[in-house]
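Have a look at the structure below, then the notes.
Small disclaimer: the values here were computed from a predicted structure and weren't measured. Naming: A, B, ... by sequence-line order, numbering from 1 per chain. The basis for the numbers below is simple: all heavy atoms, side chains too, and nothing from hydrogens, waters or symmetry mates.
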Protein chains: 2
Amino acid sequence: MYDHTDKERLLLAVDCIIFGFDGEKLKILLIKRGFEPERGKWSLVGGFLHKSEVLHDAATRILNRYTGLDDIYMEQVGTFSDIDRDPEERTVSTAYYALINIKNHSQKLNRQFSAQWFSVEEAPPLIFDHDKMVRHALKRLRTKAETEPIGFELLPEKFTMRQLQNLYEAIWNVSLDKRNFISKVRSLDILEKLDEKDKTSSRKGSFLYRFDAEKYKTVERNRSSLNL
Amino acid sequence: MYDHTDKERLLLAVDCIIFGFDGEKLKILLIKRGFEPERGKWSLVGGFLHKSEVLHDAATRILNRYTGLDDIYMEQVGTFSDIDRDPEERTVSTAYYALINIKNHSQKLNRQFSAQWFSVEEAPPLIFDHDKMVRHALKRLRTKAETEPIGFELLPEKFTMRQLQNLYEAIWNVSLDKRNFISKVRSLDILEKLDEKDKTSSRKGSFLYRFDAEKYKTVERNRSSLNL
DNA sequence: CCAAAAGTGTTACTGCTACACCCATGT
DNA sequence: ACATGGGTGTAGCAGTAACACTTTTGG
């Protein structure tokens with residue numbers, strides 16, 4: 001009943017859209033390919049699915065290879081199957097996006113892989129269908145950020161309200177009113193206010209906050225909840 | 001730089017979660033497998049990706065094979081890659097969900113494939129990881145229905161307000177107030193009220209409506225828009 | 001004392017929720 | 001005449017949007 005005549009064994013690749021935040025803009029990590037095909041062009045980091053490996057593990061492995069990081073938030077974006085997306089051989093690719101704290105990312109690895117951070121709007125054209133993958137990932141990130149507290153993955157453990165606001169402004173490409181933003185965040189009751197201040201950005205200094213995952217779990221929320 | 005040692009050519013399957021609505025409950029179409037492996041068990045409809053075929057086309061082909069329908073709303077849900085999900089051979093599967101008008105679906109094909117509609121809550125256990133696929137698809141459908149007018153795909157062209165409300169109650173498994181529902185729908189300004197009445201469900205008869213895709217396009221909407 | 005960023009409250013408006021009665025019709 | 005489902009409006013409430021001034025402190 002399955003029709004086996006035409007079925008084809010093919011390569012399954014995994015490509016990662018790695019998002020970071022530098023305090024100003026939402027960025028993605030790209031590498032300048034040092035190998036064929038398309039040597040010298042910019043691309044997402046990627047690799048092939050191994051035997052005895054599930055997709056999520058492959059994405060984690062690839063992310064670790066290029067960033068040295070573990071325990072990173074990742075989500076599957078989708079699977080892209082254009083016939084000639086890879087000129088070498090029929091290859092289908094599943095895209096994942098990852099949210100990392102840009103500060104944790106080593107310069108050494110960046111040099112090793114000719115990797116570079118680009119702001120989402122100013123990124124160069126990418127190989128294959130990677131631009132499409134980035135667009136989809138960005139859309140998913142924006143949607144997800146409306147209902148889940150994933151923004152904190154992009155910030156250091158301790159952050160100021162201003163940083164948090166800048167982050168959401170960057171994710172949605174909007175500008176928000178600082179009073180409304182703060183009162184909304186406070187009403188969610190998912191942050192712990194610390195006694196420390198960050199003095200780097202002003203003479204007065206601004207209080208640091210920390211995301212409290214325990215509080216988040218216990219607070220009751222309705223269907224469309226976060227809506228920062 | 002890509003590590004080619006371990007990469008593996010594998011089969012890529014496509015499985016379809018076919019949603020329908022009978023006026024009461026949200027349903028999915030399942031087939032009783034007439035072939036090995038797992039002959040006699042219930043499963044989603046599926047098949048393998050062909051050479052020179054993109055995933056979306058494969059999903060469309062499979063849907064057509066089992067329902068005879070064309071031009072159907074489909075959306076990719078995700079790709080499932082558990083190592084032993086298929087006992088025969090390493091197979092990764094991309095799931096799509098489809099929304100069809102249950103009335104358009106032929107009894108003949110149902111007999112041919114031993115297919116049957118089950119309400120989402122009362123479906124039997126499925127083979128492989130198909131239960132997981134259904135859960136994911138349902139989640140996606142629920143989210144999507146909050147912001148996009150996809151419910152109409154599940155209804156006949158002309159429908160009553162009551163049918164529309166029943167549909168959304170079934171999708172989200174909630175009960176809604178009929179006055180609030182109607183005024184919310186009206187405020188969206190995406191329906192055309194017809195002069196016809198449907199007399200099957202009451203003596204008085206209830207007006208029929210039609211989704212107006214043109215209106216939908218022109219009406220301006222904000223970020224979180226439909227929220228029926 | 002001044003520049004620069006932090007921090008804070010109130011009001012108007014919009015949209016959502018809750019709620020109950022009359023209408024039209026076929027039998 | 002009555003049973004059945006269809007159709008309608010309003011008032012309270014909650015959450016959002018708009019808006020400007022005071023505080024702190026290093027130089």
Name all residues meeting the ring-ring contact (aromatic ring centres under 6.0 Å, His included) criterion together with [X]; count only those two or more places apart in sequence or in a different chain, and write none if there are none.
{"X": "A:Phe159", "value": "A:Phe152"}
{"X": "B:Phe207", "value": "none"}
{"X": "A:Tyr96", "value": "A:His56"}
{"X": "B:Phe80", "value": "B:His136"}

Rounded to whole angstroms, how far apart are [atom1] on [X] and [atom2] on [N]?
{"X": "B:Leu208", "N": "D:dG7", "atom1": "CG", "atom2": "C1'", "value": "15 Å"}
{"X": "B:Lys184", "N": "C:dT17", "atom1": "NZ", "atom2": "P", "value": "9 Å"}
{"X": "A:Leu176", "N": "D:dT16", "atom1": "CG", "atom2": "C1'", "value": "12 Å"}

**Q.** salt bridge (charged side-chain N to carboxylate O under 4.0 Å, His left out) partners of B:Glu153, counting only residues at least two apart
**A.** none

Q. Taking the side chain as C-beta and beyond, is there a heavy-atom pair between A:Asp189 and A:Lys215 under 4.5 Å?
A. yes

Q. Closer than 4.0 Å, any side-chain N/O of A:Lys199 to the OP1 or OP2 of D:dT24?
A.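 Result: no.
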
Q) How would nucleotides 2-10 of chain C be written as a contact map, 5' to 3', with B for base contact, S for sugar-phosphate-only contact and - for no contact, using protein heavy atoms under 4.0 Å? A) -B-SBBBB-

